[in-house]
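A short worksheet on the structure shown next.
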Amino acid sequence: MTDETLDKCQETFLSEALEGIEDIDDQSRREMESADRELTVEITIPLNTSEFARFPGYRVQHSSVLGPCKGGIRFHPSVDLDECRALASLMTWKCALADLPFGGGKGGIRCDPKNLSDRELLALVHGYVDKLGAFIGPNKDIPAPDVNTGPREMGWFLDRYSMSRGELRPDVVTGKPIELHGSLGRVTSTGYGVAYATMKAWDWLGEEMEGARVLVQGFGNVGQYAAVRLAEHGAKIVGVSDSRGAAFNDNGFEVNHLQKAKSSGEIRSVIEFEGTERDGSGEDLLTAEGDILVLAALEGAIHVDNADDVQCRLVVEGANGPITPEGDRHLAKRGIEVVPDILANAGGVIVSYFEWVQNKQRYQWAEETVNERLEERMQSTWDRVIHRHQKTEERLRMASLRLSIERILATIHLKRA
Ligand code: NAD
C-alpha cells in the first residue's frame, strides 16, 4: 500500500494541471485550489445501550461556480476533513468535464457502520441533516450516496430534510429509492458509464472488445455493473477481486451469475464462486495477465511499488483516486493508457443530475431514456477529451483536468466586471 494520502495525490495532479493553464490569475488559481466552505460538526446520538456517543461529521463545498455543489456522503472510519476536501474537488472537475450545472461537494461521518444498528444509523443521518441542513438544499448543495451509504440513507435524508422544511423536497438529494422519488437506472449508472468509457478507450487504441481479457478490482456497485456490461459486449472477465481476495477464470466468468450470487449474498466473496478456477490475493489481481484493468475499489491501489508490474495495456479508474501520481508516472513511462476517474466514473453523477431534473419536473423517465441519455453524455464528454488530446498530446488525465479547469475559468470570467 501507498503512504500518499488522497488529498496529497489530488494536490499533485491539480498543480500539474494548473501549470499547463495559460494566463491564470492568482485569485482564480486560489479558487481552484481551496474550498468555498468547510464544515465540521459533532453529532450526538443515543446508542442501543442507552448511552450516548458523539461522531464527527463533515461537509466540504469545494466550488459552486457552475451551480449547486454535488457529491456523496460517506460513512467510514477514515473520513476526515482532508479526505472530504480531496473528494469534493474531484467532484468539481467531474461535473465540469461532463458539462453538468453543478459544482463539487463531499461529506461524511467518521464512524464504523458495521458496528452500528439500523436505528443508530438512522439517528446519524437525522443528526447530519439537523446540523448541516441549513447549508444544504436543492439549489445549494445536493448530497448523494457514497461508500457505506445508499438509497436507504438517502431516503432517510429526504424525509428528515422535508420534515424540517414543512414540505416535500425530493430534489435535495439523489440516489434515493425508486419508490421515494429516485431515478430508474441510477444503481447501474456508474458501472455502465465505466464500461462505456472502457469501450471507447479500447476502440481508440485500435482494439476489439470481443475476447478482450478484463480484470476488475472491487466487485461492489461500480465493479459489478461495469463487468456485466463489458461481458455483454464480448469481453472475457478473467479476474475479479473484493476485500477478501481475487478469483480467476482464464475462459471468463459467467458474470451475470457471479453478479447475482454476490449481490444476493449467496456468496460473501468472489473467491467462493463456483466458476473460480484459482484464487489469489487482491495484489495478485492488479499484476495478473490481461488486457484491461478496471480499478473499482479504493484509492491508492496502483502506486510506485506495483505500477511497474501491471501487465494490462489499459487501466480504467472506476474508483476515485485509485492511482497515485507516482504510480501514474510509472504507467505513463511504460506506455500504459489510463482513463482517469473524472471521465471514467462520471456516469453516477450524470444520472444523479437526471434524477434531480426528474424531481424538478415531477416526472419519471423510462429506464431506456436514462440509459440512452447517459451514453450520449459519456460520448460527448469522451469526444471533448479526445479532441483536446489530439491537439495537445496531453495524457487523458491532464486533458480532462485542464478541460474542467478551463470550463470553470470561463464562467468565473463571465461573472467578473
Ligand atoms: P462498494 O462498497 O459497493 O464496493 C467496493 C468494492 O471494493 C467491494 O467489493 C469491496 O469488497 C472491494 N474492496 C475493498 N477493498 C478492496 C481491496 N483491497 N481489493 C479489492 N477489492 C476491495 O463501493 P462502490 O460504490 O462500488 O465504489 C467503489 C469506488 O467507486 C469508490 O472509490 C467510490 O468512491 C467510487 N465511485 C462510486 C460511485 C457510485 O455511484 N457508487 C460513483 C463514482 C465513484
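These numbers come from the heavy atoms of this one structure, side chains and all, not from hydrogens, waters or symmetry mates. Atoms within each ligand, like the ligands themselves, are counted from 1 in listed order.
- With respect to atom 25 (O) of ligand 1, the closest heavy atom belonging to the protein is N221 CB, 3.7 Å.
- Using 4.0 Å as the threshold, A319 has a heavy atom nearer than that to some atom of ligand 1.
- Looking at S243, A226, A246, G150 and measuring to atom 22 (C) of ligand 1, the nearest heavy atom belongs to S243.
- Among all protein heavy atoms, the one lying closest to atom 37 (C) of ligand 1 is V222 CG2, 3.5 Å.
- Some N or O of F219 is nearer than 3.5 Å to an N or O of ligand 1, by distance alone.
- In this structure, W204 and W382 have perpendicular ring planes: the angle between them is above 60°, well past the 30° mark.
- When hydrogens are left out, the protein atom nearest atom 15 (N) of ligand 1 is L298 CD1, 3.4 Å; that is the closest non-hydrogen contact.
- Residue contacts with ligand 1, taken as heavy atom pairs separated by less than 4.0 Å, do not involve S189 at all.
- Y353 has its side chain within reach of R377: a pair of non-hydrogen atoms, C-beta onward, lies under 4.5 Å apart.
- At the top of the distance list for atom 40 (O) of ligand 1, counting protein heavy atoms only, stands T190 OG1, 2.7 Å.
- Considering G218, A297, G220, S352 only, the shortest heavy-atom separation from atom 28 (C) of ligand 1 involves A297.
- Side-chain atoms of Q358 and S183 form a donor-acceptor pair, as typed in the model, at a separation below 3.5 Å.
- Of the heavy atoms in Q224, none comes closer than 4.0 Å to ligand 1.
- Using modelled atom types, one finds no donor on one side chain facing an acceptor on the other under 3.5 Å when comparing T149 with R74.
- Of all atoms in ligand 1, listed by their number and element, those nearer than 4.0 Å to a heavy atom of R186 are 40 (O).
- E283 and S281 share no side-chain donor-acceptor pair at under 3.5 Å.
- Contact analysis puts R74 in contact with ligand 1, with a non-hydrogen atom separation below 4.0 angstrom.
- When only modelled atom types and interatomic distance are considered, K70 and T174 share a side-chain donor-acceptor pair under 3.5 Å.
- For atom 34 (O) of ligand 1, the nearest protein heavy atom (residue, atom name, distance) is N320 ND2, 3.0 Å.
- Listed by atom number, the atoms of ligand 1 under 4.0 Å from A296 heavy atoms are 28 (C).
- Contacts between E299 and ligand 1 below 4.0 angstrom, taking non-hydrogen atoms only, are absent altogether.
- Distance screen at 4.0 Å: atom 2 (O) of ligand 1 has no protein heavy-atom neighbour inside the cut-off.
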query = Do R402 and R388 pass the side-chain contact (heavy atoms from CB on, under 4.5 Å) test, and can you show the C-alpha distance, the side-chain angles, and the key distance before you say yes or no?
reply = CA-CA 9 Å; R402 289 178 183 143; R388 182 177 175 113; 3.5 Å; yes

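- Taking V222 as the reference, T190, V194, A296 meet the side chain to side chain contact (heavy atoms under 4.5 Å, CB included) condition, with sequence neighbours excluded.
- Residue-level proximity to ligand 1 for D146 is carried by the side chain, the only part with a heavy atom below 4.0 angstrom.
- Note on ring orientation: taking the six-membered ring where Trp is involved, the planes of F157 and Y161 are parallel (angle under 30°, cut-offs 30° and 60°).
- Assignment of E317 to the shell around ligand 1 is not supported, since no heavy atom sits closer than 4.0 Å.
- Side-chain contact check for R37 versus F135: some heavy-atom pair is nearer than 4.5 Å.
- Between the side chains of T92 and H62, a donor-acceptor pair is found at a separation under 3.5 Å.
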